[in-house]
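The structure appears below as C-alpha cells.
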Amino acid sequence: MRFTAVLYKVNYHRHFQRVWKRQSRLQATNLEIPEVLKEMGVPIKDAKEILTETQRFPVVKKSFVPFPIPPSVFDEGTYYYVMHGKTKVSESENQTLALTKTILYQGLPSQLQSLIGVESLSNQNELVQTSLLQAQVWDGDQFKLPKKLDIKNPGYNFKRVYGTHHKKKVFGLLEKLIFLCDGAIGKYPACLHRDKVKDAFCNINIERSGSNVTFQMPCDILVTSNEPLKNFALPSEVAETEKLEVPNVFPIKPTLDLDKLEEKPPSPSISRFNNKHIHTLFMAQKSFGFWFPKQTLARAIAACFSFTAKEAQMKYGVDVKVLPQPISVQCVYMDIKSFNFLAYQLNTLELDNNDGIKNQVWVDTPLNLYDEVSETNLITNYNPNVFPRMLALYINGLHPTAT
C-alpha cells in the first residue's frame, strides 16, 4: 500500500501549532528544596521570583583599543627600507638608477658587441629551437594552470588549460640554453675554472642619502670564474661620469615602493665561492603575474648593483667607499619569451649624495626569442639573433679579443 498520498494529507503545521501552544512558554514548577541542600545551608532562590523580576543587568563599559597607525611617509623617524626580488618600483628603471647612483647607456659595450657571432654551434638554430620545444611543449606534465589574463581586455574569461607550470617552462629553457653555451666554449681550457651556483642570494645593507637600504636580491644561476671581468669603461670614461647626472624622480623618493621596517634587517656574511669573482647573473621571471619590461629591467639593475657591492665589500672591506678597482658583472634576464642583456660596472659606493663618480650600466634592446609556440604550429617567428648575444656574454673572458 502506498502511504505517500496519505502522508501528504497530514497537516504538520496544525500539529506544530498545538505543541507550540502547550510548550512555548517555560512552566515553572513549585519550589522543592532537597533536604541535603537545606542541611548544607545552600541558598536557593525560587524560579518564579526570577521570572517576575524587572531588574536589569548593569551596563558594561566597552574599552576600545586604537588601531596601530602605520608609519607615514612624512614621518622623520629612522626607518629601514628593503628591496627584494618581488619589489615593483613605480618609476621603473629610473627609480633604481637614482637609488644606486647609476648612469644608463643604450646598447652593449664595444667589447661585448665584438664577441657577437665569434663562436657558434653546428646547427645552432635547430638546437635552440629543440631546447625551446623540450622546455615548453614536449613536457609530460599536465597540471591545472592559472587562468590567463589579458590587460587589454580584463573582463574576458579564458578557457582553463592544463600543461606545464610557468615556472618550470622558464627555468627549463634557461638551463637548456646555458647547456648549449657550455658546449660552445668547450675548446677553451679556462672554461674548466668556471662554476655555477643555483639560487644564489645577495643580502647587503647600504646607506643612500641618509636612508638605510637593504638589498635582498635573488639570482637563479650565478656563473663565477677565477679571473675578474675586464672593465667595460676606460678610466677616462669613468671620470666623465662626474659631469653626468643620475635620473631625477622628484617629487618622490627613490625609496618609494620599498618595504618600510622599524628594525634593521640582518645582513649575514656570505662566504666566497670556489672561484673568487662573479661573472654573469642569469635571472628568470618565473612568476605568472604581469611585470612590465621596465620593472624587470629595474630588478636586474638592482641585482647587479647588490652582487657587485657585496663583492666589493668582501674584497676591500665593509666600510669601503672609493673602490681601488671597479667591479664588473654581466646579466641575462628573461621571461617566457623575451630576453635582454646588460653589463654593469660598479665604480663607487659613495652614495651619500649624487656628486662625484657614478656607477655605469649598459642595456641592450630586449628581443623576443619567438612569438608563439604550441603543439600544432610549433614555433612561430623564431628570432636567431637572441642566442648569439647570450653566447657572447658567456665567452667574455675566454676569447682572446675579450681579454
Side-chain angles (χ1 to χ4, degrees), residues 105 107-132 135 171 173-198 200 219-234 273-284 300 303-304 307-308 311 325-334 338-346 360-367 369 382-403:
Y105 303 90
L108 292 176
S110 57
Q111 68 183 80
L112 293 180
Q113 291 282 359
S114 62
L115 293 175
I116 298 176
V118 170
E119 295 291 343
S120 62
L121 295 166
S122 58
N123 302 328
Q124 178 172 284
N125 293 331
E126 296 180 6
L127 291 174
V128 175
Q129 294 183 59
T130 301
S131 301
L132 175 60
F171 190 72
L173 176 60
L174 177 60
E175 284 189 320
K176 294 181 185 302
L177 293 182
I178 293 178
F179 178 78
L180 295 181
C181 291
D182 288 331
I185 66 171
K187 64 180 182 180
Y188 297 102
C191 70
L192 300 176
H193 301 287
R194 287 190 177 182
D195 287 338
K196 301 183 189 66
V197 181
K198 286 188 177 181
C219 175
D220 295 287
I221 297 178
L222 170 64
V223 177
T224 62
S225 62
N226 61 339
E227 295 292 337
L229 281 175
K230 186 178 179 181
N231 295 335
F232 299 112
L234 299 174
F273 304 109
N274 292 335
N275 296 305
K276 298 182 180 181
H277 306 282
I278 56 177
H279 186 273
T280 306
L281 307 178
F282 290 92
M283 303 178 61
C304 292
F307 275 88
T308 51
E311 181 74 11
Q325 184 70 18
I327 297 178
S328 302
V329 70
Q330 303 171 147
C331 180
V332 178
Y333 66 96
M334 56 171 289
S338 176
F339 284 74
N340 203 355
F341 313 93
L342 61 86
Y344 192 90
Q345 181 169 314
L346 183 73
Q360 298 169 289
V361 61
W362 292 263
V363 181
D364 196 17
T365 304
L367 299 173
L369 183 61
Y382 167 74
N383 188 356
N385 299 322
V386 176
F387 184 74
R389 293 177 178 269
M390 182 176 177
L391 186 57
L393 269 66
Y394 208 77
I395 65 175
N396 188 16
L398 299 177
H399 197 272
T401 58
T403 57

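All values below were derived from every heavy atom in this structure, side-chain atoms included, with hydrogens, water molecules and symmetry-related copies excluded. Just so we're clear, the structure is a prediction, and the values are computed from it rather than from any experiment.
Only one option out of N231, I278, L346 pairs with S328 in a side chain to side chain contact (heavy atoms under 4.5 Å, CB included); it is N231.
Smallest separation of non-hydrogen atoms from L121 and L180: CD1-O, 3.6 Å. Counting all heavy atoms, side chain and backbone alike, A300 lies closest to L342 at CB-CD2, 3.9 Å. Listed here is the closest heavy atom pair of N125 and P384: OD1-CB, 3.7 Å. E119 approaches Q124 most closely through the heavy-atom pair O-OE1, 4.4 Å.
The shortest side-chain heavy-atom distance between V332 and M283 does not fall under the 4.5 Å cut-off. By the 4.5 Å heavy-atom criterion applied to side chains, F307 and V329 are not counted as neighbours. Between L229 and H279, some side-chain heavy-atom pair lies under the 4.5 Å cut-off. A heavy-atom distance below 4.5 Å is found between the side chains of R389 and L367. Between T365 and F341, the closest side-chain pair of non-hydrogen atoms is not below 4.5 Å. Looking only at side-chain heavy atoms (C-beta outward), F232 and L112 come within less than 4.5 Å of each other. Side-chain contact check for F387 versus L177: some heavy-atom pair is nearer than 4.5 Å.
In this structure, Y394 and F282 have tilted ring planes: the angle between them lies in the 30° to 60° band.
Using a 4.0 Å cut-off between a side-chain N of Lys or Arg and a carboxylate O of Asp or Glu, D220 and K196 do not qualify as a salt bridge. A salt bridge does not link E227 with R194: every distance from a Lys NZ or Arg NE/NH1/NH2 to an Asp or Glu carboxylate oxygen is 4.0 Å or more.
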**Report entry** Verdict with reasoning, L174 to M334, per side-chain contact (heavy atoms from CB on, under 4.5 Å)
**Finding:** CA-CA 8 Å; L174 177 60; M334 56 171 289; 3.8 Å; yes
Query raised in the report: What do the steps show when you test V197 against I221 for side-chain contact (heavy atoms from CB on, under 4.5 Å), and what is the final call?
Result: CA-CA 6 Å; V197 181; I221 297 178; over 6 Å; no
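Checked against side chain to side chain donor-acceptor pair (under 3.5 Å), T280 has the following partners two or more places apart in sequence or in another chain: Q330. By the side chain to side chain donor-acceptor pair (under 3.5 Å) test, Q345 pairs with N347, sequence neighbours left out. The ring pair (Phe, Tyr, Trp, His ring centres under 6.0 Å) check on Y188 picks up nothing, with sequence neighbours excluded.
The CG atom of L391 sits 5.0 Å away from atom SG of C181, with the distance rounded to the nearest 0.5 Å. Atom CG of residue D195 and atom OG1 of residue T224 lie 4.5 Å apart, to the nearest 0.5 angstrom. Note: L369 CG to M390 CE = 10.0 Å, rounded to the nearest 0.5 Å. Note that SG of C304 and CD1 of I327 are 13.0 Å apart. Values are rounded to the nearest 0.5 Å. Taking CD1 of I116 as the start and CG of L108 as the end, the distance is 6.0 Å to the nearest 0.5 Å. Here the straight-line distance linking atom OH of Y333 with atom CZ of F339 works out to 12.0 Å at 0.5 Å rounding.
With 3.5 Å as the limit, one finds no donor-acceptor pair spanning the side chains of Y344 and Q360.
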